[in-house]
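Residue numbering restarts at 1 for every chain, and letters A, B, ... go by the order of the sequence lines.
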Amino acid sequence: MISLGQDEIAKYPFLAEAGQYLKDKGFTLEQFATDPDLKIIVDKAYERIESAAEGKIYNPKADNSSEKDTVLPLNVFSFLIAIVLLKLSGLNTLINRFSLAEARRAEKFLERDLVSNSNKTSEEFAIKIFRDVFSVTIKKAGDYFVIPISDYLQHAVNFHELEWKLVNRHVENGMVFLSTHESARLIRKELGGYISSRIRAANTPSMSKGFEDKVNKLSELAKKFVVNTIVSTEYPPCIKHAIEELNSGENLPHFGRFMLATFLLGRGQTIEEIVPLFKNAPDWNEKVTRYQIKQISGETGSNTKYSCPSCDKIESHDMCFATPDCDNIINPMQFGKKRL
Amino acid sequence: MLENDLKFLEETFKQYYFDHFDFIHIPDRSLEREYGYKKFNSGMVRHISLKTDKDLHLMLMTNVPSDVFCSNAYYTFPNLPMAEKDWKEADLIFDIDAKDLNLSCRKDHTCVKCLSCGEVSLLHDTCPKCKSNKLDLLSLTCDNCISGVKKEVLNLIKILTNDLQIDDKNVRTSFSGNEGFHLYVANSSYNQLGSKERGDLIDYIMFRRVMPERFGFKKENPSRHTFPELDEAGWRGRVAKELFGSKSKRSKAITKIISDGKLAYQQILEEIGKNSIGIKIDPNVTVDIHRIFRLEGSLNSKSGLAKLACENIERFDPYTETCLIDDSSVEVSANFPIEFRLKNTKFGPYTNEKVSVPKYAAAYMLCKGIASLA
């Protein structure tokens, strides 16, 4: 684990060993639940979760140096207590939202630290986070940062926007060139994943009276984020196209058949309902078709149930026929899904 | 395939393997790889693990496969079912095949075989004999296709060694045994990449899903100096060379691009990606990290030619160097309307005639389905 100074721990509190930090500062969890002087921290922790839930980045006011000594630890405490409250509530939606918001907060600091020319330690520390926590070797090259293509790809595939595709990047000698902003943005998802995995791995403390009220409020808060969706019965254009090809006796390539079968299985159709669709294929063989769909459904073979490939993948097989109705979905399974 | 023909091919393949053990070796790290094979007229057998050349030769002699494959992936337990193999990494592999180049010569060396009556004829939509429309395309040897594929391979190697900074010592090229070339990249930082990441690499190599902004056309107020220069690295440089040709023509070309608009520019980029500067690799091969890929030194049952590594691709003549079946005389009855060339000898066209040909040509015709033993 990276060794942390006070500054760093306030910016990246998720890197700290929570229990150890409290102990070092001479506190126990019990005190936060009972001591009225510490109630302000529990309030701040709740606010931190609340703003995260609303998609805002937690940003307590004071940052001037006179208050630094109190503000920095307060920031760390509020983070640690927020985790305690989240663990007590056991609410995954809130944990996810909190992790993402904290990741975006840390991303801002990372971005600032990467270019803090005045402060070499901050810059080195940010580069160290890339390397030690996310295994990304990042180097400064003039106004840019460069990272090896293979490292870049492992993170960039999380993005669906075209601008993140390697072909739309400045690539030279095995390296990808990124701006500071892009470098920090590149690891946002992993940062969120890292934070949420640390939260999930933390022990759940026993409930104290002093936390009960806040935990109940969290349950109320979470209710706002329950989403009801409906799915229309219409098929997306890629699936319609595949069915038309088959009906007209065209030789739909293997990938197209795989896409069609996984999609229909995903929509709850049975193997018996799907098999006849392939009847017009030039190489139609009922036994083989049934066998293959059974394999895909996980009923036989390795018991792996295959899911419908992503729009990205379908596009790279030239089988995407997107229409405005697709509405930027990233997998055909999402087609026609609407929030109520 | 007729039983006699099948027996002949099996014997011929077996003889080849017996005579050429020196060509057929297990690759590096054999114990971590999965092997598989197909027999004539039968399905695939895979999840095999082999330790030494001797094991491989024994497998060839006992099973007489029509095709032999070996994984590009490395596993802890290569002989277990897929989900239990424990995937470690996989070499990057590429397949460039003449059929994907859409060369204009294609129609001159392609015929069709009717799946209903077996008649082989020149390119038609329906069988001239029985009018069935269930037809199989058969492509025969073509030097123009081979030089086209070679050019593509050399362009791919340039991208691999320049843009992706792969050491050329780690790139191995071999003729596929039919009408393409295979490339292996071992020991690179790309070995760890999963299928999704390889998908992005494929789009890079094929120059697909390109944004006009990256190639100079800014969203608002497009300006001339953001368009690529001819001496730039990577795709910007290649696009500049393709679109402008020379420095002196650059300015005029950009004026036209800006006046035609961004959408038109995007279409131009897509078009040159598809038809000229994008490398025509088979994406299904490169994206697959569990593939078993034809083994070097083995015969390809689509042709009877061997898959062989080539040191100097420019000088490599696959229709001579990989044609390794012996030349004892065999009588076949052949029926196909175009000629082909093997070992600098022309064969065909034949109209339902009995001819004596060297064994390698007989095997080629039988594998292609354009002749039978007489």
Side-chain angles (χ1 to χ4, degrees), chain A residues 135 137 146-177 249-251 253-256 258 281-284 288 291 295 298 300-306 309-320 330, chain B residues 43 47 80-85 92 115 132-136 159-167 188-215 228 232-237 239 266 269 273-274 278 283-284 286-288:
Chain A
S135 316
T137 319
V146 294
I147 94 169
I149 294 175
S150 48
D151 282 359
Y152 173 81
L153 288 176
Q154 292 184 43
H155 298 274
V157 290
N158 293 321
F159 298 99
H160 301 285
E161 297 88 356
L162 278 185
E163 58 179 283
W164 289 95
K165 292 202 71 69
L166 191 64
V167 75
N168 293 318
R169 289 279 138 195
H170 177 179
V171 173
E172 225 175 301
N173 299 328
M175 294 294 197
V176 182
F177 287 64
E250 291 292 323
N251 190 13
H254 172 78
F255 180 82
F258 177 79
D283 53 355
W284 161 250
V288 174
Y291 169 81
Q295 292 273 332
T300 53
S302 58
N303 292 329
T304 316
K305 188 178 176 202
Y306 291 91
S310 64
C311 296
D312 239 15
K313 210 161 188 180
I314 293 169
E315 198 182 334
S316 64
H317 279 87
D318 290 332
M319 284 187 200
C320 168
I330 57 173
Chain B
H47 311 300
L80 293 186
M82 204 41 94
E84 296 158 41
K85 279 187 180 353
L92 267 186
L115 292 173
S132 160
N133 58 2
K134 298 208 163 176
L135 303 170
D136 224 3
I159 291 184
L160 295 178
T161 51
N162 295 336
D163 298 24
L164 305 189
Q165 194 78 157
I166 288 168
D167 189 342
S188 78
S189 60
Y190 303 96
N191 265 30
Q192 291 293 335
L193 297 182
S195 180
K196 234 174 145 187
E197 291 84 358
R198 287 174 202 233
D200 201 351
L201 211 51
I202 291 166
D203 285 337
Y204 184 84
I205 290 167
M206 299 182 82
F207 198 63
R208 299 196 296 195
R209 306 217 216 159
V210 177
M211 291 170 78
E213 290 87 351
R214 166 71 192 139
F215 294 88
E232 276 186 69
W235 278 119
R236 277 178 60 95
V239 165
Q266 171 149 14
L269 291 172
K274 213 167 176 180
N284 297 315
T286 306
V287 81
D288 192 347

What option among [options] has the most heavy-atom pairs under 4.5 Å with chain A?
options	value
B/R208, B/R209, B/E232	B/R209
B/W235, B/F215, B/Y204, B/F207	B/Y204
B/P283, B/S195, B/S189, B/G234	B/S189

Given that the side chain runs from C-beta out, which part of [X] has a heavy atom under 4.5 Å from chain A: side chain, backbone, both or neither?
X	value
B/M211	both
B/T161	neither
B/L164	both
B/K196	both
B/D203	both

Would you check if the side chain of [X] reaches a backbone N or O of [Y] as a donor-acceptor pair within less than 3.5 Å?
X	Y	result
B/R236	B/R214	yes
B/E197	B/G194	yes
A/D151	A/T137	yes
B/R198	B/L193	yes

Who passes side-chain hydrogen bond (donor to acceptor under 3.5 Å, both in side chains) against B/D136, sequence neighbours left out? none
Exceeds 12 heavy-atom contacts within 6.0 angstrom, atom OH of A/Y291: no
In terms of the angle between their ring planes, are A/H254 and A/F258 parallel, tilted or perpendicular, with boundaries placed at 30° and 60°? parallel
Okay, A/N251 and chain B: the region with an atom under 4.5 Å from a heavy atom over there is neither
Go through the atoms of A/H317 and report whether side chain, backbone, both or neither lie under 4.5 Å from a heavy atom of chain B. side chain
Does the pair B/E213 and A/E163 meet the rule for a side-chain contact (heavy atoms from CB on, under 4.5 Å), with working shown? CA-CA 9 Å; B/E213 290 87 351; A/E163 58 179 283; over 6 Å; no
Residue, of A/N173, A/T304, A/L162, A/V157, that accumulates the most heavy atom pairs under 4.5 Å with chain B: A/N173
